Asks: 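Handing you a structure now.
Note that this is a predicted model, so its numbers are computed, not measured.
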Amino acid sequence: ASYTNTCGQGLPSVVIPVTVVPAPVTPVIAAMGSTILCPENVVQIAATNICSGCSVVWSNGQTGASITVSSASNYQAYYTNMCGNSNNSNTVLVTSQSYPVAPVITASGSIALCPGQSVTLSANNICQGCTVNWSNNQTGPSITVSSSGNYTATYQNICGLGQTSNNITTEVTGPYIPVVQVANLCNLSAPVGGSNYQWYFNNIPIQGANSPFYVAVVTGFYHVAMTSPTGCDGVSGAVLAQTCISGTENPENTTTFMVYPNPASKNLTIECPPDTEEMDIRMDLFDSKGTIQATIFNGRAGAGISKIECNLPELPQGIYSYRIQALKYAVWGQLVIIE
């Protein structure tokens, strides 16, 4: 500018520069990495579009182009200059996360395993966002194991591994071989407390012989198959037992009958004692529980009759006890029926 009067125009004034300053833009902020706070960690947040001549003011009261925070919260920023303040920026949510808790693992069944058996181990309190790492290098909420070992699990999240779980020890036992005891030559006993008992005579299953005890009526080799109290299936070795025969009304009578063939299939011969008088004879078959299964013969034999030929009824293959009653005595024995 310059002044003028009647004498003319004066010298110009000094020059004053004028600058136009724009209003601050809206900040854009972003986390420099994860927004999850783990124990002893921090999160850095920075403004990415700082305008010229602007200062950055953060919602937690800090200033500067970036901040480092150690508390979970919502964070924003605004720019300020001589023209005023900008709008608030976008929000960055910082959350906190702790290390995982120790898992609690359980077994779905017995941890005493028979050969070929397995058991499932499971983690029961899986934390959100966690993976399960097992001590045998498997992962997942559960594993199935069939070998002896010590098993533990740990949880892992974004912060790392947590504490180790309780320990479960599995043990695979050797093959289960029950031991059969023989008392008084003919009383057989298997280990008690098991289940699924089945007795065999000369490798043939005995019909209905499904208890821990059995009384041998025919001399031969016996064994038992069973399940142990811990759930293992096993088969005993064969033991030799001798015939158990008991008289009823006349134990002093030495008269005997012979029954053959034994094993029998369709036909059976009852051979009477020599020089017998005329008498009524009855032969019945029983299962191991003492329940009568069939009457093989029931009639009168004349004096001097030495053999009675009989047809066997349809019966399951197995071993049966028989009783022959004649006069005032009874003879017991055991008959093997085969197909």
Asks: Are there more than 12 heavy atoms of other residues, nucleotides or ligands under 6.0 Å from atom CE of Met32?
Replies: yes
Asks: Is any NZ, NE, NH1 or NH2 atom of the basic residue among Asp280 and Arg282 found under 4.0 Å from an Asp or Glu carboxylate oxygen of the other?
Replies: no
Asks: Is there a donor-acceptor pair under 3.5 Å between the side chain of Gln117 and the backbone N or O of Gly231?
Replies: yes
Asks: Please report the closest heavy-atom contact between Cys310 and Ile296, naming both atoms and the distance.
Replies: CB-CG2, 3.7 Å
Asks: Without hydrogens or angle criteria, can the side chains of Gln198 and Asn210 be said to hold a donor-acceptor pair below 3.5 Å?
Replies: yes
Asks: Please give me the minimum heavy-atom distance between Ser71 and Val94, naming the atom from each residue.
Replies: O-CG1, 3.9 Å
Asks: If you look at every heavy atom in Ala47 and Val56, which pair is closest and at what distance?
Replies: CB-CG1, 4.4 Å
Asks: Donor-acceptor pair, Ser236 side chain versus Val224 backbone, under 3.5 Å?
Replies: yes
Asks: Rounded to the nearest 0.5 Å, what's the gap from CD on Glu171 to CG on Asn150? Could you check?
Replies: 10.5 Å
Asks: Looking only at atom types and distance, does a side-chain atom of Asn88 sit under 3.5 Å from a main-chain N or O of Tyr78, one as donor and one as acceptor?
Replies: no
Asks: Any donor-acceptor pair under 3.5 Å linking the side chain of Asn157 with the backbone of Ser98?
Replies: yes
Asks: Look only at the side chain of Asn311 and the backbone of Lys266, and say whether a donor-acceptor pair between them is shorter than 3.5 Å.
Replies: no
Asks: When clusters are formed by joining ILVMFWY residues with side-chain heavy atoms under 4.5 Å apart, either directly or through shared neighbours, do Tyr197 and Val239 land in the same one?
Replies: yes
Asks: Please tell me whether Thr295 and Asp284 have a donor and an acceptor in their side chains that are separated by less than 3.5 angstrom.
Replies: yes
Asks: Out of curiosity, Ser66 OG to Gln44 CD, how far, rounded to the nearest 0.5 Å?
Replies: 4.5 Å
Asks: Are Val28 and Ile67 connected in the hydrophobic side-chain network, where two residues link if heavy atoms are under 4.5 Å apart?
Replies: no
Asks: Taking Ser89 for the side chain and Pro27 for the main chain, is one N or O donor matched with an acceptor at less than 3.5 Å?
Replies: no
Asks: Using modelled atom types only, decide if a donor and an acceptor are shared between the side chain of Ser142 and the backbone of Ser122 within a distance under 3.5 Å.
Replies: no
Asks: Is it true that a side-chain atom of Trp134 and a backbone atom of Tyr151 form a donor plus acceptor pair closer than 3.5 Å?
Replies: no
Asks: Taking the six-membered ring for Trp, are His223 and Tyr200 parallel (under 30°), tilted (30 to 60°) or perpendicular (over 60°)?
Replies: parallel
Asks: Looking at Asn187 and Val215, what are the two nearest heavy atoms and their distance?
Replies: OD1-CG2, 3.5 Å
Asks: Please report the closest heavy-atom contact between Glu278 and Arg300, naming both atoms and the distance.
Replies: OE2-NE, 2.8 Å
Asks: Using modelled atom types and a 3.5 Å cut-off, is there a donor and acceptor pairing between side-chain atoms of Tyr155 and backbone atoms of Ile126?
Replies: yes
Asks: Heavy atoms only: give me the nearest Thr164-Pro103 pair and the separation to one decimal.
Replies: C-CD, 4.3 Å
Asks: Would you check if the side chain of Trp199 reaches a backbone N or O of Gly208 as a donor-acceptor pair within less than 3.5 Å?
Replies: no
Asks: Testing Val172, Thr230, Thr173 for side chain to side chain contact (heavy atoms under 4.5 Å, CB included) with Leu113, which one passes?
Replies: Val172
Asks: Let me check something: do Leu268 and Ile281 share a hydrophobic cluster, defined by ILVMFWY side-chain heavy atoms less than 4.5 Å apart, either directly or through other members?
Replies: yes
Asks: Of Asn85, Asn87, Asn49, which is the lone residue that meets side chain to side chain donor-acceptor pair (under 3.5 Å) with Tyr79?
Replies: Asn49
